[in-house]
Amino acid sequence: MTDAPLPNDLPDTHQTLAPLANAGRLDTLADALIERGWWADPNGLEPAMLKALQAELQELMEADRLERAGIGRELDFQLAGSVRRDSIVWLNRQRPVQALFLDVMEALRLRLNRSLFLGLFEFEGHFAHYPEGGFYKRHYDSFRGAANRLVSVVVYLNDGWQPGDGGELAIYRDDQPEPETLIEPRGGTLVVFLSEEVPHEVLPTQRPRSSIAGWFRLNASIGNQIDPPR
Ligand code: OGA
Ligand code: MN
């Protein structure tokens, strides 16, 4: 697989973050995280950035780089298959488009730390592709006190999503059975939520569904090991 050069019309990190930084949106984000634990913006991703990320995932899929996702630190894929049905590839800085996205997340990390005093340490994330019929049952991204993943980010890469296509992100409040909101995975939508506080679920999708999911972590130390590998 060749390293595709960055498209000419791709904005720099500052511009790419602009939709987020504009008009006090970051303050809105911070307030929403404090008040209800989640925030969603249908225009969270700059259009050229969205296009570049879509092309990048397309290329990775054609090169067969995605692998079935597991759950937690387990490698029990049989169990995982009843919980989630998606394939992933972790983001890395070797590829220019991914590096730019990681720069944007780094800028977001610094802004979140400044406005929320969170001490977020690092971002990790992956492309995810759900085939038709794919889902991810209700879960938390991190367990309270594990001090691992603190803030979750999801960005959607799907063009022309229609009502009835399913695949919504259902966000729940505590242990209530009905979702507080359903978010359609439309291209450019950005969702940010507190990993330890917000149960959520990917409803079965009627068509292939692409996203980036990522997490800002604290520098967790378990058994004297700083940030042990997954
Ligand atoms: C996850 C997740 C949500 C989505 O990967 O942990 O909850 O909408 N993803 O893709
Ligand atoms: Mn999740």
Side-chain angles (χ1 to χ4, degrees), residues 33 36-45 50 53-54 56-57 60-61 66-77 79-91 98 101-102 105 120 122-144 146-159 161-163 165-175 179-218 230:
L33 284 187
R36 62 177 189 197
W38 63 272
W39 182 85
D41 183 347
N43 301 306
L45 209 58
L50 169 62
L53 290 169
Q54 288 171 327
E56 176 74 1
L57 175 57
L60 292 166
M61 288 180 65
L66 277 68
E67 294 181 351
R68 277 293 298 276
I71 43 174
R73 286 160 201 254
E74 306 292 320
L75 283 174
D76 187 343
F77 284 96
L79 173 63
S82 64
V83 175
R84 65 188 294 185
R85 224 157 267 180
D86 60 328
S87 296
I88 64 167
V89 55
W90 290 94
L91 300 177
Q98 296 183 38
F101 180 78
L102 291 171
M105 289 299 107
L120 302 172
E122 201 184 24
F123 179 83
E124 61 180 0
H126 57 58
F127 283 106
H129 183 263
Y130 293 69
E132 189 183 327
F135 57 82
Y136 193 161
K137 297 245 170 90
R138 179 170 173 156
H139 66 280
Y140 290 93
D141 283 346
S142 181
F143 290 98
R144 204 183 288 264
N148 187 18
R149 294 169 166 179
L150 216 62
V151 175
S152 302
V153 176
V154 191
V155 167
Y156 297 109
L157 306 177
N158 309 293
D159 286 330
W161 206 262
Q162 299 292 329
D165 286 343
E168 296 93 345
L169 173 67
I171 288 185
Y172 297 90
R173 179 169 292 274
D174 304 321
D175 52 7
E180 177 180 355
T181 191
L182 294 180
I183 298 166
E184 289 183 339
R186 293 179 181 279
T189 296
L190 169 75
V191 185
V192 181
F193 58 89
L194 299 178
S195 310
E196 298 180 309
E197 311 277 339
V198 178
H200 57 282
E201 171 176 10
V202 178
L203 299 177
T205 180
Q206 309 304 320
R207 43 172 280 206
R209 174 193 193 271
S210 301
S211 61
I212 293 175
W215 302 272
F216 293 106
R217 295 184 305 177
L218 286 182
R230 259 161 291 116

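Remember, it's 1-based here, ligands and their atoms both numbered in the order they're listed.
When only non-hydrogen protein atoms are considered, atom 8 (O) of ligand 1 lies nearest to Tyr156 OH, 2.5 Å. Counting protein heavy atoms only, atom 5 (O) of ligand 1 is closest to Ala213 CB, 3.7 Å. Of all protein heavy atoms, the one lying nearest to atom 3 (C) of ligand 1 is Val202 CG2, 3.5 Å.
The Mn ion (ligand 2) sits nearest to atom OD1 when only the N, O or S atoms of Asp141 are considered.
With a 4.0 Å cut-off on non-hydrogen atoms, Asp86 does not touch ligand 1 at all.
No side-chain heavy atom of Val83 sits less than 4.5 Å from a side-chain heavy atom of His139. A heavy-atom distance below 4.5 Å is not found between the side chains of Arg36 and Ile171. In this structure, His200 and Leu169 have side chains that are in contact, with non-hydrogen atoms separated by less than 4.5 Å.
Atoms of ligand 1 lying under 4.0 Å from at least one heavy atom of Leu169, given by number and element, are 3 (C), 8 (O). Residue Val154 has at least one heavy-atom neighbour below 4.0 Å for each of these atoms of ligand 1: 4 (C), 8 (O), 10 (O).
In this structure, Trp215 has a heavy atom closer than 4.0 Å to ligand 1. Proximity of Ser211 to ligand 1 is established by a heavy-atom distance of less than 4.0 Å. Heavy atoms of Arg209 approach ligand 1 to within less than 4.0 angstrom.
Considering backbone and side-chain N/O atoms, Tyr136 never comes within less than 3.5 Å of an N/O atom of ligand 1. Between His126 and ligand 1, no pair of N/O atoms sits closer than 3.5 Å.
When all heavy atoms of Arg207 and Asp159 are compared, the closest pair comes out as NH2-O, 3.0 Å. When all heavy atoms of Leu102 and Phe123 are compared, the pair lying nearest together is CD2-CD2, 3.6 Å. Ser211 and Val154 make their closest contact through CB-CG1, 4.2 Å (heavy atoms, listed as atom of the first residue, atom of the second, distance).
Ring geometry for Trp90 against His126 counts as perpendicular: the plane angle is over 60°, on a 0 to 90° scale with 30° as the lower cut.
Exactly one residue among Thr189, Leu45, Val155, Asn158 makes a side-chain contact (heavy atoms from CB on, under 4.5 Å) with Leu50. That residue is Leu45.
Phe193 CZ to Leu150 CG: the interatomic distance, rounded to the nearest 0.5 Å, is 12.0 Å.
With the Mn ion (ligand 2) as the vertex, atom NE2 of His139 and atom NE2 of His200 span an angle of 90° (nearest 10 degrees).
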